[in-house]
Colleague: 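First the structure, then my questions, so here it is.
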Amino acid sequence: MKQYNPHEIEPRWQDIWERTGANKVAEDSSRPKRYVLEMFPYPSGDIHMGHVSNYTYGDVLARFSRMKGFDVLHPMGWDAFGLPAENAAIKHKSHPAKWTYANIDTQKASFQRMGFSYDWDRKVVACDPEYYRWGQWIFLKFWERGLVERRNSPVNWCPDCKTVLANEQVIEGCCWRCHSEVEKRDLTQWYFKITDYAQELLDDLDQLTGWPERVKQQQANWIGRSEGASVDFELATKDASAGTGEYITVFTTRADTLFGCSFFVLAPEYKDLPAMVAGMPQEREVLDFAEAAKKVSAVERAQGNREKHGVFTGRYVINPVNGEKVPVWVADYVVADYGTGAVMAVPCGDQRDFEFARKYDLPIIPIILTEDDPLYPQLKDEKGRVVTSVDWDAALEAEGILVQSGPYTGLVGGKHSEGEDAVVRALEQSGRGHRTVEFRLRDWLISRQRYWGNPIPAIHCPECGVVPVPEEDLPVLLPEDIDLAAGETLATHEGFAACMCPKCGREARRETDTMDTFTCSSWYYLRYTDPHNAESPFDPSMANGWMPVDQYIGGIEHAILHLLYSRFFTKVLRDMGMLDFDEPFTNLLCQGMVLDEHGDVMSKSKGNVVSPEKMIAEYGADAVRAYMLFMGPPDKEKMWNEDGLAGMFKFLNRLWRIVCDLVGEAGDQTLFDAEAAAKAAAGKGAHANAMDMKRERHRVVGKVTADFERNNFNTAIAAIMELANTTAAFLRVKPAEHRVNCQTGGPLCRDVAETIVKLMAPIAPHWAEELWCGVLGNEESVHAQAWPDFDPELAKADEVELAVQLNGKVKAKIMVATDEAEDAVKQTALDAIAAQLEGKDVKKVVVVPGRLVNVVAK
RNA sequence: GGGAGUGUGGCGGAAUGGCAGACGCAGCGGACUUAAAAUCCGCCGCCGGAAGGCGUGAGGGUUCGAAUCCCUCCACUCCUACCA
């Protein structure tokens with residue numbers, strides 16, 4: 001018998017598949033399409049177990065889909081721009097491209113050793129000019145559509161990466177990549193106006209029925225839609241004697257609490273603050289405070305002890321509902337870039353305002369109460385204001401009854417309450433406010449002050465201002481002669497910036513910022529559909545033909561970042577007429593992390609990293625793939641255990657022998673030394689007859705098919721193991737007889753052997769191919785075969801075992817014919833527990849066909 | 001503070017409201033072997049000699065029947081964070 005030797009067969013088949021173009025996309029329009037995509041990797045060194053898990057899931061689905069008759073697009077590429085390459089270049093006094101392309105080669109070789117079925121002709125590498133020129137082209141189109149803006153505002157600056165970051169890239173006040181504390185700086189930067197699409201990005205989450213709920217929830221929270229009102233407060237003159245006619249607008253979701261506004265707060269960065277305090281006695285103190293507050297690091301502001309600080313500005317605003325003058329403070333708990341950077345403070349209804357009022361001894365006016373509040377009887381009918389301070393422990397943020405609120409007294413107050421609605425309508429009538437919606441989502445800051453990225457195609461002309469690079473001049477190429485180790489940047493590079501203004505022809509300077517790498521990953525899935533197009537990023541007919549991606553697979557860390565940006569790009573390209581769908585990814589699978597055997601994250605510093613290459617070298621890629629799938633559900637964390645991998649390797653060996661035995665290829669080395677096996681079993685071992693065998697074959701094909709379609713790979717493999725166990729029991733009876741049966745054309749053994757090999761083909765492609773061609777003697781690849789059929793009728797047994805329960809507790813087991821009439825089943829069940837029913841009154845008998853009978857008796 | 005999720009043997013994990021623990025790992029026993037490895041067969045939730053009883057984080061509820069649905073609580077994980 002031929003032994004299973006992964007180290008011999010794996011490279012051999014990889015080579016054959018490559019030579020024969022087995023993984024080429026067929027582009028066969030007669031078959032339904034399926035686009036299976038895994039998030040493309042960043043080429044940082046060799047692959048790790050996370051890659052193995054991600055790409056194994058994708059490969060299994062791609063192979064399964066091909067066998068199911070789909071025309072499958074399953075491409076791979078690299079997200080190749082970014083800082084790690086630049087840092088490596090500085091360290092090794094080399095060029096980022098060198099490091100990047102070397103890592104791509106390494107990773108590609110590893111992917112090939114894993115047996116992943118990518119069509120390498122469609123490889124997309126983000127740092128190739130033939131790809132990034134189209135990123136620049138898209139930038140220009142966005143610009144034409146008014147979706148690109150250059151503006152000055154406080155931005156997140158990572159001092160380590162020496163670049164600005166988008167909001168989404170700041171995690172708990174730290175840089176998403178290097179975890180340094182992020183600082184705020186005022187800079188002029190390039191933005192994509194993703195906020196123009198905020199509402200649609202939120203609404204269309206409902207279309208994404210194939211996405212995990214938590215990802216949609218995270219996106220919804222990030223977009224952060226709030227319904228409320230904007231309210232104008234008139235600024236009082238410096239001596240507070242009258243109104244100035246100038247207004248400060250606030251956003252509030254609680255207009256119902258306007259009567260409880262006892263002070264007003266501006267963010268330290270509030271743009272008119274210096275003008276407001278100019279010449280006031282408080283000027284120095286206010287400006288010093290604002291400066292200090294801005295310097296407090298994002299981390300301190302975001303985490304831990306959130307002690308609020310503030311100072312009085314000396315100015316007052318006039319409350320539009322009651323004409324009261326309210327003191328204006330500046331405080332560090334107001335965020336500058338949400339709403340208007342100014343808030344009305346209602347300490348009795350907002351915990352933050354409450355804490356601030358307590359600290360600075362500002363009035364806490366009760367205007368919303370619960371009915372059991374001791375103040376309620378006194379205030380429920382009172383129209384004026386009789387109580388101006390309370391000794392509460394906390395604000396009432398929940399619903400309550402409005403009191404001391406003029407005409408609104410007695411109404412229910414709270415978010416979206418009748419009180420809120422009444423106040424907003426009154427504001428609208430008086431012209432002092434209106435309904436509005438605020439989003440938490442900020443525009444996407446895309447410029448980066450780094451070399452290794454896609455150059456922003458813009459030119460600064462002293463005459464014409466900022467001018468787009470003409471389409472025909474694309475791509476703006478990155479200069480290759482740059483000495484990053486010496487601190488050279490695009491801005492200081494000799495020659496890169498110098499250019500002529502395309503409008504007026506005068507000397508001008510090229511933009512030296514590059515684009516966020518997330519712009520590269522926002523449309524690569526479209527390029528795969530038409531990767532060699534030299535005329536445009538992709539032909540719409542190609543993209544519309546393949547898209548949307550039917551199954552997207554990647555890490556949960558992109559729940560907001562990449563997935564939100566890609567959805568945005570898709571919608572803009574749709575509005576440009578290049579795409580005819582709204583959402584790029586129909587089904588999303590977020591795979592769980594691969595942890596070490598103790599459940600810890602694998603990391604170099606912990607020294608617990610398991611090397612995929614080492615595992616392949618020891619057990620072969622097929623065992624690694626199969627074990628990865630078997631460890632657990634794909635979206636859950638998985639604990640790597642090498643004993644488990646060794647067990648899977650043993651299983652592949654055992655199943656190999658079973659297949660050989662089925663078709664009589666085992667020779668003297670048959671799986672079961674008949675005598676020994678018989679002795680071992682000593683008459684007690686399970687045996688299976690041809691009926692059992694046939695039934696199990698159909699049942700398992702049904703189960704595996706359903707499991708693959710639900711991405712339940714672990715239970716699919718468990719089912720194949722059950723089929724293996726039944727087959728072994730079947731062969732155990734009279735192996736020699738079966739072999740003869742097979743050789744004379746008896747179809748069952750052959751069918752079971754072929755079925756096993758086909759079911760395993762997506763999981764262990766080399767193993768299956770070798771058995772298919774080398775042992776079963778077929779000419780054409782197993783991966784080109786149709787997925788095995790099954791007949792649900794044949795999967796049914798003629799007899800089933802039912803549990804007999806008495807009041808829900810199992811008391812006995814009975815065997816009945818599958819099609820036995822219900823009354824007969826009842827009687828059999830009652831007979832089976834007759835002893836326990838002695839002296840009891842049977843109230844009810846519930847029969848669940850094929851499962852159990854429950855007898856209810858007292 | 002807000003949001004999402006998880007909790008089942010020694011371990012990884014199975015179970016459209018219907019026999020909890022499929023499948024595997026580890027362990028134990030046996031066959032084969034001079035022996036070991038490999039392989040093959042079997043046992044394997046807890047208490048109990050057995051009969052039987054108890055068991056899916058804890059406590060309630062709905063139901064003929066709950067790991068699964070509802071309520072309260074506990075523990076852990078992830079995301080997010082002064083968003084007015």
Side-chain angles (χ1 to χ4, degrees), chain A residues 171-173 212-218 220-222 224 226 228 250-254 257 265 301-303 306 308 331-335 337-340 342-346 349-353 355-356 397 438-440 556-557 559-560 592-593 597 599 627 630-633 636-648 650-651 653-654 657 671-673 675-682 684-686 712 714-722 724-725 728 732 801-813 843-857:
Chain A
I171 311 294
E172 291 184 353
E213 212 46 51
R214 60 182 168 147
V215 174
K216 289 191 278 186
Q217 195 63 50
Q218 274 187 53
N221 290 344
W222 187 261
S226 290
V250 297
F251 173 73
T252 180
T253 55
R254 293 297 304 277
T257 63
V265 200
R301 284 182 77 161
Q303 285 181 327
R306 242 171 302 154
K308 297 168 176 46
D332 56 6
Y333 75 95
V334 176
V335 262
D337 59 0
Y338 182 74
T340 60
V343 301
M344 65 176 216
V346 182
D350 183 285
Q351 187 59 24
R352 296 156 301 184
D353 298 341
E355 286 164 16
F356 193 78
E397 294 189 325
E438 223 11 85
F439 289 94
R440 186 182 175 282
I556 187 74
E557 66 274 18
I560 295 171
M593 293 239 281
E597 56 188 328
Y627 177 58
F630 188 59
M631 270 195 287
K636 295 272 160 48
E637 290 179 336
K638 287 156 284 268
M639 290 194 200
W640 185 264
N641 176 351
E642 200 173 325
D643 284 341
L645 173 60
M648 184 55 72
K650 284 182 197 169
F651 173 68
N653 275 286
R654 174 166 130 92
R657 288 191 297 271
L671 174 61
F672 308 102
D673 176 336
E675 258 177 74
K679 230 168 140 185
K684 58 183 174 168
N712 286 356
N714 54 331
T715 49
I717 292 177
I720 297 172
M721 287 170 166
E722 289 176 86
N725 291 340
R732 193 179 301 143
E801 190 187 59
L802 300 185
V804 182
Q805 295 181 334
L806 176 57
N807 297 327
K809 298 268 178 207
V810 178
K811 295 293 177 191
K813 302 281 173 82
K843 305 266 184 210
K844 193 173 173 185
V845 181
V846 182
V847 178
V848 184
R851 299 274 187 182
L852 53 73
V853 180
N854 189 18
V855 179
V856 186

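Quick note on labels: first sequence line is chain A, next is B, and so on, each numbered from 1. Only heavy atoms go into these numbers, but all of them, side chains included; no hydrogens, no water, no symmetry mates.
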Colleague: Give the rounded distance in Å between these two atoms: CG of A:D337 and P of B:A81.
Modeller: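 Going from CG in A:D337 over to P in B:A81 covers 12 Å.
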Colleague: Does A:V343 or A:M648 map to a spot on RNA chain B nearer the 5' end, using the closest nucleotide for each?
Modeller: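 In this pair, the answer is A:M648.
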Colleague: When you match A:V856 and A:Q805 each to their closest nucleotide on RNA chain B, which lands nearer the 5' end?
Modeller: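 Final value for this comparison: A:Q805.
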Colleague: Can you tell me if A:Y338 touches the phosphate of B:A84, counting only side-chain N or O atoms and a distance under 4.0 Å to OP1 or OP2?
Modeller: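 Affirmative; the distance criterion is met.
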Colleague: How many angstroms lie between atom CE of A:M631 and atom CG of A:L645, to the nearest 0.5 angstrom?
Modeller: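 Between A:M631 CE and A:L645 CG, I get 9.0 Å after rounding to 0.5 Å.
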Colleague: Is the base of B:G9 syn or anti, where syn means the angle lies within 90° of 0?
Modeller: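 That one's syn.
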Colleague: Can you give the dot-bracket line for RNA chain B, using ( ) for pairs inside the strand, [ ] for pairs that cross earlier ones, | for pairs with another strand and . for unpaired bases, where Watson-Crick and G-U count if both distances are under 3.5 Å?
Modeller: (((((((..(((.....[....))).(((((.......))))).(((....)))..(((((..]....))))))))))))....
Colleague: Roughly how many Å apart are B:G30 and B:G17, using the P atom of each and rounding to a whole number?
Modeller: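 B:G17 and B:G30 have their P atoms separated by 44 Å.
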Colleague: Between B:A37 and B:A26, how far is it from one P atom to the other, in whole Å?
Modeller: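 Roughly 13 Å separates the two P atoms.
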Colleague: Going from CD on A:E642 to OH on A:Y627, what distance comes out if it is rounded to the nearest 0.5 angstrom?
Modeller: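 Reported value, rounded in 0.5 Å steps: 9.5 Å.
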Colleague: What does nucleotides 6-14 of chain B look like as a protein-contact string, B for base, S for sugar-phosphate only, - for none, at under 4.0 angstrom between heavy atoms?
Modeller: ------BSS
Colleague: Between B:G61 and B:C79, how far apart are the C1' atoms? Round to whole Å, please.
Modeller: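 One C1' to the other, the span is 32 Å.
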Colleague: Say we look at B:A22 and B:G45: how far apart would their C1' atoms be, to the nearest angstrom?
Modeller: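 About 15 Å, rounded to a whole number of Å.
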Colleague: Hey, is the side chain of A:R851 poking within less than 4.0 Å of OP1 or OP2 on B:G17, counting only N and O atoms?
Modeller: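 For A:R851, the contact criterion (side-chain N or O under 4.0 Å from OP1 or OP2 of B:G17) is not met.
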Colleague: Can you check the distance between B:U68 and B:U8, where both ends of the measurement are the C1' atom (answer in whole Å)?
Modeller: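 Approximately 12 Å lies between the C1' atom of B:U68 and that of B:U8.
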Colleague: Roughly how far apart are A:W222 CH2 and A:Q218 CD, rounded to 0.5 Å?
Modeller: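 Interatomic distance, A:W222 CH2 to A:Q218 CD, rounded to 0.5 Å: 10.0 Å.
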Colleague: Between A:R352 and A:E355, does any side-chain N to carboxylate O distance fall below 4.0 Å?
Modeller: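 No salt bridge links A:R352 with A:E355.
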Colleague: Working to the nearest 0.5 angstrom, can you tell me the gap between A:T715 OG1 and A:M721 CE?
Modeller: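 It is 12.0 Å, given to the nearest 0.5 Å.
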Colleague: OG1/A:T340 to CD/A:E438 distance, rounded to the nearest 0.5 angstrom?
Modeller: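 A:T340 OG1 to A:E438 CD: 8.0 Å, rounded to 0.5 Å.
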Colleague: Between B:A14 and B:G7, how far is it from one P atom to the other, in whole Å?
Modeller: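 Those two atoms are separated by 10 Å.
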Colleague: Taking the same atom, P, in B:A81 and in B:G2, what whole-Å distance lies between them?
Modeller: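 Approximately 16 Å lies between the P atom of B:A81 and that of B:G2.
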Colleague: Less than 4.0 angstrom between a side-chain N/O of A:K811 and OP1 or OP2 of B:G53, yes or no?
Modeller: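 Looking at the OP1 and OP2 atoms of B:G53, one of them is under 4.0 Å from a side-chain N or O of A:K811.
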Colleague: Please give the distance between the C1' atoms of B:A66 and B:A75 as a whole number of Å.
Modeller: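 Per the computed distance, 22 Å lies between those C1' atoms.
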